[in-house]
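Lettering of chains follows the sequences in order, A, B, ..., and the numbering in each one begins at 1. None of these values were measured; they are calculated from a predicted model.
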Amino acid sequence: MAEAAAGLLRAEAVRKSFGDHEVLKGVSLDIAEGEVVCLIGASGSGKSTLLRCLNLLEQVDDGDIWFDDREITDPRVDADAVRRDIGIVFQAYNLFPHLSVEQNIVLGPVRSRGESRADARARAHTLLERVGLGDRAGAYPDALSGGQQQRVALVRAIAMQPRLLLLDEITSALDPMLVGDVLDVIRDLRADGMTIVMATHEMTFAREVSDRIVFMADGRIEESGPPEQIFTAPRSPRTAEFLARHLP
Amino acid sequence: MTEAGTPGVSARQLERDAYRRRRARTRAAVAVVSTVVVLGVLTAGVLLSPGWPRVRETYFNLGEARSVFPEVAKAFVLNIRLFLVAEVFILIVAIIVAIIRVVPSPALAPIKLLAVVYTDVFRGTPTILVVFLVGFGVPALGLAGLPTSLFWLGVIALTLSYGAYVAEVLRAGILSIHPTQWASGRALGLSYGKTLRLVVLPQAVRRVAPPLLNDFVSLQKDTALLSIIGLVEALRVAQVDSGRTFHFSSYIVAALFFIAATIPLARFTDYLTVRSLRRENGI
């Protein structure tokens, strides 16, 4: 299948199993440049696995993924190069505990992209300033609060200047008091035109920030559409049932 | 009912504090008395034993110890040199073996098998046997290019034996790093090798630093095993002296050197542990 993909990223009939458990049962998804897409759905519906497949952290069992008109599921593709363009932030932050905040952020640009340390450091400081952590560059991750760590993790991913950013329930492990700061960063990124695919349980935020909502159930995309339609007039009874339980 | 002078503290709290003080005093007293009794009985047992005067004469003769001290000190320099050189080679061998065993590449299967056999064989063989085999066996091969100096044969023997131990400690450390750290490294586009080198190994080494240094303390002592292939190190000198004078004070002197050399290493371990804890927890 050598036809060109329409948007920035296209997944076609992606399947993924862990042992006997089929987590993704044929998922197809199109992401346009500059689009913000929220994945919603119950735990275990396959949101995280889909995100991890999109940047090749998991190998798909079937189906293909196109990024920038290139089939990245081809085993001859350099996965490291693909991941430089598709950043991901995890629920559990996963900062490197042996490195300071600045070193965490600079590691990727310098060691993976081959940028000069001075450039990388300058950008790290600008970005830290933007997320309100300008004074914490020298701190170590364990000395930061959960909300601060997650903002550093976001900066670490953005510092790679990715063309697509995947966010995997990045506020789920946070104290409700700290969620706001992290969501502010995402609003900011959206304003900058960053293409984002995020799995989230923050329904209000998803409605506010996204161009499109994708509801996943049982390893399939049950329904997708603009937030207003999904939240006010869901077509699928499963979507309606899920939203009834999760909307405030 | 608040006592004068400590406004705001309830009588109940004062009573609890008083009880805690009483309990602490009782416990301290019990500890002191039992320590004194145990040490006293041990000392009395040794001092009153029928052979003590002879033992004191042969093992703890100050004049004898003083006269042998410079000689043992000079020989101990060799122990230190053996230790420092072997340590470097051990670390190199151990890191290579540990990485070979950890990397999940099926293409490496034959080398992996070799690494497993190496660790099994050399952890299972008494170090003194390895010293024997290398010290006398390698020169007997008569192959050109193989070292014949006792120093290097000794280093090879210790490296073979300790490399296997240290490799297992490092491997345990690498495996103890959570898979999410690997994922984070790879997600930044770092290759497997770079993720290992920049993200996983630094954390693994920090985590296993105490058991690693424990192995090195042990290595420092085992340099004495090389006396059996004829290296004139501290134990050997003490042995020669004792054979000449029929005194054993030289052994005590050698023992003191080994103890004195391991203590800084132990304190250094403590220091490293505290420093990394403090830094990473921002205390």
Side-chain angles (χ1 to χ4, degrees), chain A residues 48 51-52 54-58 78-101 103-115 120 136 138-145 148-149 152-153 156-162 165-168, chain B residues 91 95 98-99 102-108 169-213 269 271-283:
Chain A
S48 291
L51 291 179
R52 294 173 63 96
L54 293 185
N55 79 338
L56 307 180
L57 278 179
E58 299 288 353
D78 176 6
D80 295 332
V82 171
R83 293 194 198 103
R84 275 171 213 137
D85 285 333
I86 306 182
I88 187 166
V89 181
F90 304 97
Q91 178 178 342
Y93 340 130
N94 301 353
L95 294 175
F96 305 130
H98 63 299
L99 299 178
S100 70
V101 165
Q103 290 167 330
N104 260 279
I105 298 166
V106 164
L107 185 72
V110 172
R111 297 302 195 134
S112 178
R113 270 212 193 280
E115 260 183 70
R136 303 314 302 270
Y140 281 81
D142 288 348
L144 303 179
S145 75
Q148 292 173 328
Q149 289 192 47
V152 173
R156 183 173 69 176
I158 302 161
M160 286 292 288
Q161 300 182 304
L165 189 59
L166 310 173
L167 307 176
D168 188 4
Chain B
L91 275 175
I95 286 181
I99 288 173
V102 166
V103 174
S105 162
L108 284 179
V169 171
L170 282 174
R171 188 167 73 100
I174 293 172
L175 292 177
S176 78
I177 300 304
H178 202 272
T180 53
Q181 289 289 315
W182 284 100
S184 298
R186 298 310 299 278
L188 290 173
L190 295 168
S191 63
Y192 184 92
K194 278 185 178 171
T195 306
L196 179 67
R197 186 158 55 85
L198 300 169
V199 174
V200 176
L201 262 184
Q203 295 184 58
V205 169
R206 252 162 257 229
R207 196 169 290 180
V208 297
L212 216 54
L213 284 162
T269 315
Y271 163 76
L272 281 186
T273 313
V274 169
R275 194 188 64 167
S276 69
L277 273 180
R278 181 169 302 158
R279 202 174 59 177
E280 282 165 24
N281 296 326
I283 301 166

Which atom names give the shortest non-hydrogen contact between [X] and [Y], and what distance separates them?
{"X": "B:K194", "Y": "A:R111", "result": "NZ-O, 2.7 Å"}
{"X": "B:L190", "Y": "A:D80", "result": "O-OD1, 3.5 Å"}
{"X": "B:G189", "Y": "A:R84", "result": "O-NH2, 3.2 Å"}

Is B:R207 in contact with chain A via its backbone, its side chain, both, or neither, using a 4.5 Å heavy-atom distance?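 Neither; nothing under 4.5 Å.
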Where on A:R113 is there a heavy atom nearer than 4.5 Å to chain B: the side chain, the backbone, both, or neither?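 Neither; nothing under 4.5 Å.
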Part of A:F90 lying under 4.5 Å from any heavy atom of chain B: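 When you check distances to chain B, only side chain atoms of A:F90 fall under 4.5 Å.
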Flag the one option from A:L166, A:L144, A:N94 with the top tally of heavy-atom pairs under 4.5 Å to chain B.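 Going by pairs under 4.5 Å, I would pick A:N94.
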Heavy-atom pairs under 4.5 Å with chain B: which of A:I88, A:N55, A:L57, A:I86 has the most?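 Option with the top pair count is A:L57.
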Distance-only, no hydrogens or angles: does the A:H98 side chain make a donor-acceptor pair with backbone N or O of B:L198 under 3.5 Å?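 Flag set: sc A:H98 to bb B:L198 pair under 3.5 Å.
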Are there residues of residues 173-181 of chain B that reach to under 4.5 Å of chain A by heavy atoms, and which ones?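 The list, in residue order, reads B:T180, B:Q181.
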